[in-house]
Protein chains: 2
Amino acid sequence: MERTVQAGSAGRSRPPLSTERVLGAAVALADEGGVDALSMRRIAQSLGVVPMALYKHVANKNELLDGMIDAVVREIDPPARDTDWKTAVRGRVLSARRMLLRHPWAAQVIESRIKARTTPTPAVMEYLDSMIGVFRDGGFSLDLVHHALHVMGSRLLGFSQELFEDSSRPGTDREPDPAAMPPEEMAARYPHVAALAMAVTHDTDSVVGSGCDDQFEFEFALDLTLDGLERLLRTT
Amino acid sequence: MERTVQAGSAGRSRPPLSTERVLGAAVALADEGGVDALSMRRIAQSLGVVPMALYKHVANKNELLDGMIDAVVREIDPPARDTDWKTAVRGRVLSARRMLLRHPWAAQVIESRIKARTTPTPAVMEYLDSMIGVFRDGGFSLDLVHHALHVMGSRLLGFSQELFEDSSRPGTDREPDPAAMPPEEMAARYPHVAALAMAVTHDTDSVVGSGCDDQFEFEFALDLTLDGLERLLRTT
DNA sequence: ACCTGAACACCGTTCAAGT
DNA sequence: ACCTGAACACCGTTCAAGT
């Protein structure tokens, strides 16, 4: 009598499940069929596993989406060293774009999860922190970096929403981070983000909620864009 | 014996259903609870109606989403007349932003529906057509308008994806427009969009698929942005 | 102690049975 | 002819019953 084998969808025996394997299957499924085709049941099926087995490795679907975001954001190249800020930023943004083209669902998912969470996922934080670092090394003041991030806007990671939105806005109950990091650890791990947040908050501490005047930043970025177009129009 | 009254959820008698009322209820529901809280059953409930009744006024949920997009995009102010292009574009983009802040679900829904459809919804087309018109009246060549739209990017309507993406990309089966408009009618109704599409296609008809070189346009816009930041850095 | 089938409360949509 | 309840094929997640 043959030994009973846990059959996968193709009848093959399978390696043990892990968070990585679950996330990998989820990313592959989303790449193929879009985010609408992504379901816990479908992921389980593609792994030759009962749906409930996934919940051992991801707490729920939202955490799965966060994990997928982290996985693909980590595909973005780190900033080039030993070049000027412009080359480094340019190369990195183009790398982010290549990632977004490989994973057409990513921008949408990042945007929707950013809206629901209080803090971006770790990989997104790392991405931002190192991007800020490039600007700082290039001689940008904290204020100027802040403007720069708003100017880059959706070219940074594909989504258009502000990253750290006013959390005191009514009607927007956001999930507290399940593995919430204490502020001092945040500051240690993402020093540039922390410094920026500090500077921005101190600047305008008369404003309630987030210290960032989104309307001002939006207009600033818009005007920089329009000025660029005007210059282009004149030189043509 | 009392006359039987079709009871609404609050027990009130209700005006007859219409597409407008259905869309209005859907928009209100999304404004309150986000797009995840939006379901055909919930919309029906808020109207004091059985779910199936909605299908008399909207074909399915995707058409409902398209209708919601059209409804909120029509809230954007028309471009101001009798001013320079810069003032007109600026004012209009700020109006679009106010709409997106009123309807936080809109950018996400527009982006996801743009990806699924072959043609943007009528109100989006009108918005683009009149926006192109403002640039044209300001003396922009068709090519320059094309660049300008890419430069504006997500500030135009909140989403980051290209509007008329390469429809020959593999794996992206897009819905044909249910009420597909013949090309000549398209050209008559959206003359500026048509002229732009024509110019862009003729320019690069060696390229297969859409005539727009997205990579080039992305880099063009990115460089304009980076140049603006560099100028800012030098004058600080 | 571990695993999982059945179940629950949803979802969009179809369709036949009712008036 | 019109309307709609029941049903179908899904969904994320819980939980008790099984080993």
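What you see below is based on every heavy atom in this structure, not just the backbone, and it leaves out hydrogens, waters and symmetry mates. Because the structure is predicted, anything quoted here is derived from the model rather than measured.
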Residue list, ring pair (Phe, Tyr, Trp, His ring centres under 6.0 Å) with A/H147, at least two apart or on another chain: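 If we apply the ring pair (Phe, Tyr, Trp, His ring centres under 6.0 Å) test to A/H147, skipping adjacent residues, the hits are A/F220.
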Contacts of type side-chain contact (heavy atoms from CB on, under 4.5 Å), residue [X], not counting sequence neighbours:
{"X": "B/L94", "answer": "A/Q215, A/F218, A/E219, A/L222, B/R90, B/R98"}
{"X": "A/E75", "answer": "A/V72, A/M99, A/R102, A/H103"}
{"X": "A/L23", "answer": "A/T19, A/L64, A/M68"}

If we take the P atom in both C/dG18 and D/dC8, what is their distance in whole Å?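 To the nearest whole Å, 16 Å.
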What integer number of Å spans the C1' atoms of C/dT13 and D/dT13?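 Here C/dT13 and D/dT13 have their C1' atoms 23 Å from each other.
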Nearest whole angstrom, please: distance from the [atom2] of [N] to the [atom1] of [X].
{"X": "B/L65", "N": "C/dC11", "atom1": "CG", "atom2": "P", "answer": "15 Å"}
{"X": "B/L17", "N": "D/dT4", "atom1": "CG", "atom2": "C1'", "answer": "14 Å"}
{"X": "B/Q45", "N": "C/dA9", "atom1": "CD", "atom2": "P", "answer": "15 Å"}

Reading DNA chain C 5' to 3', what string of ( ), [ ], | and . shows its pairs, if Watson-Crick and G-U wobble pairs count only when both distances fall under 3.5 Å? ||.|||||...|||||.||
Looking only at side-chain N and O atoms, does A/T121 offer a donor or acceptor that is under 3.5 Å from a partner on A/D66?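 Judged by distance alone, the side chains do not pair up.
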Distance-only donor-acceptor pairs under 3.5 Å for side chains of residues 34-44 of chain B, two or more places apart:
| unit_1 | atom_1 | unit_2 | atom_2 | d |
| --- | --- | --- | --- | --- |
| B/S39 | OG | B/R42 | N | 3.0 |
| B/R42 | NE | B/A37 | O | 3.2 |

Tell me, which pairs form a salt bridge (Lys or Arg N to Asp or Glu O under 4.0 Å) where one or both residues lie in residues 146-157 of chain B, sequence neighbours left out?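 Not a single pair qualifies under salt bridge (Lys or Arg N to Asp or Glu O under 4.0 Å).
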Reading nucleotides 12-19 of chain D 5' to 3', which nucleotides get B (base under 4.0 Å from a protein heavy atom), which S (sugar-phosphate only), which -? BBBB----
Residues 185-198 of chain B, side-chain donor-acceptor partners within the protein, below 3.5 Å, at least two apart:
| unit_1 | atom_1 | unit_2 | atom_2 | d |
| --- | --- | --- | --- | --- |
| B/E185 | OE2 | B/R189 | NH2 | 2.8 |
| B/H192 | ND1 | B/D129 | O | 3.4 |

